[in-house]
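So you know, we letter chains A, B, ... as the sequences are listed, proteins then strands, and number each from 1.
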There are 4 protein chains.
Amino acid sequence: MEKRNKPKYKQIIDAAVIVIAENGYHQSQVSKIAKQAGVADGTIYLYFENKEDILISVFQEKMGVFVDKLEQIIARDLNASTKLGLMIESHFDLLASDIHLAIVTQLELRQSNHELRTKINNVLREYLKLMDKILVQGMNNGELDKNMDIRLARQMVFGTMDETITTWVMNEHKYDLVDLAPKVQRLLLKGMQA
Amino acid sequence: MEKRNKPKYKQIIDAAVIVIAENGYHQSQVSKIAKQAGVADGTIYLYFENKEDILISVFQEKMGVFVDKLEQIIARDLNASTKLGLMIESHFDLLASDIHLAIVTQLELRQSNHELRTKINNVLREYLKLMDKILVQGMNNGELDKNMDIRLARQMVFGTMDETITTWVMNEHKYDLVDLAPKVQRLLLKGMQA
Amino acid sequence: MEKRNKPKYKQIIDAAVIVIAENGYHQSQVSKIAKQAGVADGTIYLYFENKEDILISVFQEKMGVFVDKLEQIIARDLNASTKLGLMIESHFDLLASDIHLAIVTQLELRQSNHELRTKINNVLREYLKLMDKILVQGMNNGELDKNMDIRLARQMVFGTMDETITTWVMNEHKYDLVDLAPKVQRLLLKGMQA
Amino acid sequence: MEKRNKPKYKQIIDAAVIVIAENGYHQSQVSKIAKQAGVADGTIYLYFENKEDILISVFQEKMGVFVDKLEQIIARDLNASTKLGLMIESHFDLLASDIHLAIVTQLELRQSNHELRTKINNVLREYLKLMDKILVQGMNNGELDKNMDIRLARQMVFGTMDETITTWVMNEHKYDLVDLAPKVQRLLLKGMQA
DNA sequence: GATGAATGAGAATTCATTCAT
DNA sequence: CATGAATGAATTCTCATTCAT
């Protein structure tokens, strides 16, 4: 059986998310994560190369869910505008329903060093490529402006979503994030429409 | 004389930007900054409370230039769309002409801890308030959609700019950032137009 | 059946010699020895008390061969000078024909801690006592100087052999060790002759 | 001023010798050495690169005294036999009068890893080269056997001295080491004489 | 004001050994 | 007999900050 399918693997990943969210990136010692996971410090190293490997794996595992959801949306027989709306809603929903994860991805994991962030960006790239598929569909069927710079558009979409979520997290989730999804969709769509 | 007007104050601030850009946030020890500034380690503490204070001061000093430029733009007798364009161009231009600063603000300073980032956000808030003024002007004179959520709109504007700059920095400035300004303006404007 | 006569006992001893010679004393983890021996980590502990016990046993088992050979030489009807020569030759030969063992005894096992080295010395003492027998025979029958300090003489004999072998091992066996035996014998004999 | 001439440098070196002699190589943590030296842990790192650097420096500094003494002996207008005797006496005397040092060089430092021992051997080589000078002098002026293998002879000399000292240290200095010097000289000389 | 030597708290990782299966 | 997953104690080195000069 693959390491990543063993129960302790997921146990440690989940513990890491909680510990990082509650203590902050720089106060998340391996021993704290082990304690939260209910295993010995050394056990961590049976499942992960080193501390960095835990953090990358956290991102990979969790981002995997985002990618899966997005792939399902893209596979459906819908127009690009609708898909864009569903993507935003799905993205917001996943983070709103796991506030620990939201804190970790929007605030804490960004404190990591250059090397780790590069690895995280590689994971993120897959998600951004799926995003591009929606934009391409929209540009091809006339929903979106054929002449727009697709990279710029994607940066607007991701940047807006990211900024919206980060602001929500920093405001300690005082308002409902998912409620904002339709407004964000409309704003972005208007900017990109043909 | 105010500390911040003494030559060594600025000397240390500038040294910090260079050191952080060249070595990365986590490899920017106080002793390195002191050496770059040409002063003794202890001298740093005659001008700054502690290391965090240097970093906040870096952000304040440099952000001050952005605020000044933006205030000048707002004071001019122009419509909101034009001001938005000028703001983007000015913002892009300031970072494109100081790559060290771009690296520091877009990548390195974000690795700081929660507390420091909160303080940085307080400095940023002033800039965002000025941004809002442009949006309000546009909503009042009919250029922009009266019914849009202004906070969301501002998040789109800032998020898009931020994402665009970060991508440019991570791509090691292979292309001209300022050239993108008009396209970004058009994209954002379309999204917010009445 | 005695533990030391079971096949896995010898299997583990031999694995230890190889692993230590190839990886060095401090890089010879129990798990590596187990892997080399083709048994599980835990199995080691069915045959040995602890890691130290493996190392002492390595020395005991291998030293046993040296002792046996030396006893055979002493039992023969030869004068002391000849026996000394045969001893040196036999000693050099045993190590020259098992380079792994030579590395382990001359270099690696000396990195062990005080306690282990004391135990190893106890094993070695038996060998040194046999050496003394040759010297006594020579002093009694007039071959060797009757008035020499026997302990000092033995230290010269063993020290010279040891230093010669260690130098040979550290020079990566570039020359033939056994070829040196007659010269060493002559040198030592001259020093001790009546 | 050179680091090695500052008082704290020597203070730490001397502390290291005491701590290693009293606690053993593997129980000589940096913090123990710092405490013995009366400085903070971090201070150690102002004078030494890392722990290994302390140990090499111990050997270099102390071996330097041996080399100096031997150079003085060699420079004198004496025959080789006398020089050999003086060398042995000087070597024994230096160790007998600093039992901590004797323990460290004969027992503890030999537990160091391959890399460190290689560096130590480089320091030792200088000493052995001086030893060779005495042997060459003796071979040239007819005191010593012209045909002997000089490397082998040196290995006998050094091996005998080393074995004698180690035995003395392991016997906890029950007898006077320097008293043995003339006997050792005689034994070695006889072996090498023309 | 300026210096820079000294401080000392804090954390990732390894590996011999155990014991439930 | 044999296994191998789990354990957890133990240690070097960095660097922000101080303070005597």
**Study point:** Residue pairs passing the ring pair (Phe, Tyr, Trp, His ring centres under 6.0 Å) test where at least one lies in residues 7-43 of chain A, sequence neighbours excluded
**Key:**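 Ring pair (Phe, Tyr, Trp, His ring centres under 6.0 Å) check on residues 7-43 of chain A returns A:Tyr9-A:Phe48, A:His26-B:His26.
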
Nearest whole angstrom, please: distance from the [atom2] of [N] to the [atom1] of [X].
X	N	atom1	atom2	answer
B:Gln11	E:dG1	CD	P	14 Å
A:Lys6	F:dA6	NZ	C1'	12 Å
B:Tyr25	F:dC15	OH	C1'	13 Å
A:Lys35	E:dA11	NZ	P	14 Å
A:Ile33	E:dT13	CD1	P	11 Å
C:His26	E:dA16	NE2	P	12 Å
A:Ile54	E:dA12	CD1	P	9 Å
A:Phe48	E:dA12	CZ	P	15 Å

Review point. Counting any heavy atom closer than 4.0 Å, what does C:Lys8 reach on the DNA or RNA strands: base, sugar-phosphate only, or nothing?
Key: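 Contact class for C:Lys8: sugar-phosphate only.
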
Practice item. Pick base, sugar-phosphate or nothing for D:Tyr47, based on heavy-atom distances below 4.0 Å to the nucleic acid. Key: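 Result for D:Tyr47 = sugar-phosphate.
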
Are any protein N/O atoms closer than 3.5 Å to N/O atoms in nucleotides 17-21 of chain E? If there are, list each pair with its distance.
{"unit_1": "E:dT17", "atom_1": "OP2", "unit_2": "C:Tyr45", "atom_2": "OH", "d": "2.9"}
{"unit_1": "E:dT17", "atom_1": "OP2", "unit_2": "C:Lys51", "atom_2": "N", "d": "2.8"}

Practice item. For C:Glu126, look at atom CD and say whether over 12 heavy atoms of other residues, nucleotides or ligands are found less than 6.0 Å away. Key: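 No, not enclosed.
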
Point to revise | Set of ring pair (Phe, Tyr, Trp, His ring centres under 6.0 Å) partners for C:Phe59, sequence neighbours left out | key: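 C:Phe59 satisfies ring pair (Phe, Tyr, Trp, His ring centres under 6.0 Å) with no other residue.
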
Point to revise | ring pair (Phe, Tyr, Trp, His ring centres under 6.0 Å) partners for A:His100, two or more places apart | key: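 With neighbours one apart ignored, the set is empty.
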
Review point. At how many degrees, to 10°, do the end axes of the helix from E:dA2-F:dT21 to E:dT21-F:dA2 meet when each uses five pairs?
Key: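 It works out to 10° between the end axes.
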
Review point. Do A:Gln111 and B:His114 have side-chain atoms, one donor and one acceptor, less than 3.5 Å apart?
Key: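 The answer is no; no qualifying pair exists.
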
Contacts table for residues 27-40 of chain A: side-chain donor-acceptor under 3.5 angstrom, sequence neighbours left out:
{"unit_1": "A:Gln27", "atom_1": "OE1", "unit_2": "A:Gln29", "atom_2": "NE2", "d": "3.4"}
{"unit_1": "A:Ser28", "atom_1": "OG", "unit_2": "A:Gly24", "atom_2": "O", "d": "2.7"}
{"unit_1": "A:Gln29", "atom_1": "OE1", "unit_2": "A:Lys32", "atom_2": "NZ", "d": "3.3"}
{"unit_1": "A:Lys32", "atom_1": "NZ", "unit_2": "A:Gln27", "atom_2": "O", "d": "2.9"}

Exercise for review: Between D:Leu46 and C:Val39, name the one whose nearest nucleotide on DNA chain F is closer to the 5' end.
Suggested key: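 Counting from the 5' end, the first nearest nucleotide belongs to C:Val39.
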
Review point. Pick the nucleotide of DNA chain E nearest each of D:Thr43 and C:Gln29; which residue has the one closer to the 5' end?
Key: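 Going by which nucleotide is closer to the 5' end, it is D:Thr43.
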
Review point. Relative to the 5' end of DNA chain E, which residue comes earlier, C:Gln27 or B:Gly38, by the nucleotide with the nearest heavy atom?
Key: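 The 5'-side residue here is B:Gly38.
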
Check your understanding: Please, which pairs that meet side-chain hydrogen bond (donor to acceptor under 3.5 Å, both in side chains) have at least one residue in residues 37-51 of chain C, sequence neighbours excluded?
Key ->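 Sorted result for residues 37-51 of chain C: empty, none.
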
Review point. What residues, two or more places apart in sequence or in another chain, satisfy salt bridge (Lys or Arg N to Asp or Glu O under 4.0 Å) together with C:Lys10?
Key: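 Applying salt bridge (Lys or Arg N to Asp or Glu O under 4.0 Å) to C:Lys10 gives C:Glu61.
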
Check your understanding: salt bridge (charged side-chain N to carboxylate O under 4.0 Å, His left out): which pairs involve residues 12-29 of chain B, sequence neighbours left out?
Key ->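 Every pair satisfying salt bridge (charged side-chain N to carboxylate O under 4.0 Å, His left out) with a residue in residues 12-29 of chain B: B:Asp14-B:Lys62.
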
